[in-house]
Amino acid sequence: MKCSINIKRKLGRRNEMIYGHFIEHFHRQIYGGVYDPGNPLSDEDGLRKDVLEAMRGIKVPVLRWPGGCFVSSYNWKKAVGPKRTPFFDKAWRVEDPNTFGTDEYVKMCRKIGCEPYICTNAGTGTAEEMSDWVEYCNLETEGEFAKWRIENGNPEPFFVKYWSIGNENYGGWEIGAKSAEEWGRLVLEAAKMIKHVDPTTELTAAALADLDWNINLLKHCGNRLDWISIHKYWDMIHETNACAGYEQVMAYTNDLETDINKVRGLLTAMGLEKQIKIAYDEWNLRGWYHPNAHTVKQGIRKEDYLYPRDKNDDNSLYTMADAVFSACFLNTCNRNCDLVGMANFAPIVNTRGCIYTHKDGIVLRSTYHVFDLYVNYLGEQVLDVWEEDPEQITVTDRLGGKTGVDEVGGRVQTEIDELDVIATYRETEKVVAIAAVNKNAETARYLELSIQGGFSGREYRICSVNGENVDSYNDIGSEQVKLVIGDWKPVPADATFELAPHSVNVIQIK
């Protein structure tokens, strides 16, 4: 495929927060994950030093917490101060010791060097409780809750800028679910009170790519919101843990822009496209495995609903399929940098996360290396790309897939673009960096580049994330997927570059 790029034709400047992450009080994400007091690998605050180092390695820009479904029955006030009261988490049906709360979370963010992003309880909580939380974090000395923070050993405000009103409150699985009309009214009152406490906060509210829900939300309080929250998991295997194979995952890439286009159209129709951006503040290829938890009929025995969550820890599930898909999603965010300003990979530690912890260390899964590649080797300016004669391949999709007409044994044949390409520019270093994903499972492909606008490239290198095959994965003592940084070489005369099968690449040209 031939791609033409002009460094003067900029789509926009990407927001680094599209490389953000998320962590929830679910299974081993917090306890036994990033927070593990008593482990020799933990620091004086109980935080795993190896996990913090890995998070700094991918320059985590923003970290959303504490949920997720967990937050919809969470009382933040019981998890600050010297006396912590354990509580039964009705979302995940476990006791939470409350030893990791707001103070510990903000301290962790400071050690990582990222912005905290707090999601508030809009399930059982009230607008007043949400704004009390903002008081605790952001006011200097005024009022009961700022004084409480000071008493707890934090004399300076936390200055938490990003706040979400609720989490998936549109869903019947969520504690404290609301109708569209109820939601618009609650968000209005919460936003009003939060902004009265701290007008510098940036607010988002739980939403989805649904016309009725969003119209009610934006009609009531569109003028008070800075973001609209969208969640998306494509491989919905919460009850089965039956991960889709490589071909099915590639078929999912046809659906990456669907919700963005729907929300873009609605914001434009309501005249809010310049004010409100999309925060994809939960996304991952695969839904988390938690059978018999968010169903009408609940599991009775822990063997039915609790212990199966350990199967999220099977590192063999997180392969090059996850890496390739995640790169395509990040490409989509970059292409829509005018509207998508934040995205939070869900989660960052354990479950489906890019970092897996065990008592003696960590495993960096395939998706970690994609973030490493994109954060550290792409540029900040997103350039327009003109593709000539893009090639397509046919993959097998589940029946009812987004495209395709020929049924094959209960499935359909789906056409997908073989390559996914974006171009960026690092102005300070005068480097063009092209993210090029080859979705083809078995065959190398070639990318011919034409760069215009007064740029003359002399040297290039290819930085790649790949494994021996599409099922390659990383585990304790085994690294099958890695990031390889190529050597600088003269740009070939025909400006054609080879992309290995099932690979994620950044071609840097200087």
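What you see is a predicted model, and the numbers here were worked out from it, not measured in a lab. Side-chain atoms are counted along with the backbone in the values below, which use heavy atoms only and exclude waters and symmetry mates.
In terms of heavy-atom proximity, Gly453 sits nearest to Lys8 at O-CE, 3.4 Å. The two residues Ala500 and Asn466 come nearest to each other via the heavy atoms CB-ND2, 3.6 Å. Annotation for Ala54 and Leu364: closest pair CB-CD2, 4.1 Å, computed over non-hydrogen atoms. Minimum heavy-atom separation, Ala293 to Arg309: CB-NH2, 3.9 Å. Closest approach of Trp76 to Glu129, counting heavy atoms only: NE1-O, 3.3 Å. Between Cys114 and Val62 the shortest heavy-atom distance is CB-N, 3.9 Å.
Side-chain contact between Tyr368 and Val370: absent, with no pair of heavy atoms (C-beta onward) separated by less than 4.5 Å. Glu427 places a side-chain heavy atom less than 4.5 Å from the side chain of Gln381. With contacts defined as side-chain heavy-atom distances shorter than 4.5 Å, the pair Leu419/Leu499 qualifies. With a 4.5 Å cut-off on side-chain heavy atoms, Phe22 and Phe345 do not count as touching. At least one side-chain heavy atom of Phe325 sits less than 4.5 Å from a side-chain heavy atom of Thr253. Put simply, the side chain of Tyr377 reaches to within 4.5 Å of the side chain of Ile485, judged on heavy atoms. At a threshold of 4.5 Å between non-hydrogen side-chain atoms, the residues Phe329 and Tyr280 count as touching. Between His196 and Met193 there is no side-chain heavy-atom pair separated by less than 4.5 Å.
Under a cut-off of 6.0 angstrom, the local environment of CH2 in Trp173 is crowded, with over 12 non-hydrogen atoms contributed by other residues, nucleotides or ligands. Within a 6.0 Å radius of CZ in Arg185, other residues, nucleotides and ligands contribute 12 heavy atoms or fewer. Annotation for Arg110: atom CZ counts as buried by contact number, over 12 foreign heavy atoms lying within 6.0 Å. Around atom NZ of Lys10, more than 12 heavy atoms belonging to other residues, nucleotides or ligands sit under 6.0 Å away. The environment of Lys311 atom NZ is sparse: at most 12 non-hydrogen atoms of other residues, nucleotides or ligands sit within 6.0 angstrom. By the neighbour-count criterion of 12 heavy atoms within 6.0 Å, atom CD of Glu388 is densely surrounded, having more than that number from other residues, nucleotides or ligands.
If you look at His290 and Trp92, their ring centroids are closer than 6.0 Å.
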Query - salt bridge (Lys or Arg N to Asp or Glu O under 4.0 Å) between Asp384 and Arg335, intermediate numbers included - result: CA-CA 8 Å; Asp384 195 11; Arg335 272 192 290 268; over 6 Å; no
**Report entry** Chi angles and distances behind the side-chain hydrogen bond (donor to acceptor under 3.5 Å, both in side chains) call for Tyr318, Arg352
**Finding:** CA-CA 8 Å; Tyr318 312 107; Arg352 310 294 195 196; 3.0 Å; yes
Query raised in the report: Is there a salt bridge (Lys or Arg N to Asp or Glu O under 4.0 Å) between Arg365 and Asp322 once you walk through the steps?
Result: CA-CA 9 Å; Arg365 290 173 173 160; Asp322 299 72; over 6 Å; no
Query - Candidate pair Glu247 and Thr396, rule side-chain hydrogen bond (donor to acceptor under 3.5 Å, both in side chains), full reasoning - result: CA-CA 6 Å; Glu247 280 202 18; Thr396 302; 3.3 Å; yes
Query - Steps toward ring pair (Phe, Tyr, Trp, His ring centres under 6.0 Å) verdict (Trp288, Phe26) - result: CA-CA 10 Å; Trp288 306 356; Phe26 173 84; 5.2 Å; yes
Query raised in the report: What's the verdict on salt bridge (Lys or Arg N to Asp or Glu O under 4.0 Å) for Lys232 and Asp255, showing C-alpha distance, side-chain angles and the deciding distance?
Result: CA-CA 11 Å; Lys232 190 75 169 184; Asp255 187 41; 3.6 Å; yes
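Ionic pairing of Asp372 and Lys59 is not present here: no N-O contact between side-chain nitrogen and carboxylate oxygen is shorter than 4.0 angstrom. Under 4.0 Å is where a charged nitrogen must lie from a carboxylate oxygen, and between Arg64 and Glu24 no such pair does. For Asp259 and Arg264, the salt-bridge test fails: no basic side-chain N is under 4.0 Å from an acidic carboxylate O.
There is a side-chain donor-acceptor pair under 3.5 Å between Trp133 and Thr102. Side-chain N/O atoms of Tyr117 and Asp281 include a donor and acceptor closer than 3.5 Å. In this structure, a donor-acceptor pair under 3.5 Å is absent between the side chains of Thr332 and Glu257. Side chain to side chain, Glu174 and Ser72 meet the donor-acceptor criterion of an N or O pair below 3.5 Å. Of the N and O atoms on the side chains of Thr258 and Asn261, not one donor lies less than 3.5 Å from an acceptor on the other residue. Judged by distance alone, the side chains of Glu239 and Tyr289 never bring a donor and an acceptor atom under 3.5 Å apart. Using modelled atom types and a 3.5 Å distance limit, the side chains of Asp198 and Asn138 yield a donor-acceptor pair.
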Show me, pair by pair, the donor-acceptor contacts under 3.5 angstrom made by side chains of residues 269-277, not counting sequence neighbours?
unit_1 : atom_1 : unit_2 : atom_2 : d
Gln275 : NE2    : Gly222 : O      : 2.7
Gln275 : NE2    : Leu225 : O      : 2.9
Lys277 : NZ     : Asp338 : O      : 2.7

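Only one option out of Arg445, Lys439, Gln392 pairs with Glu418 in a side chain to side chain donor-acceptor pair (under 3.5 Å); it is Arg445.
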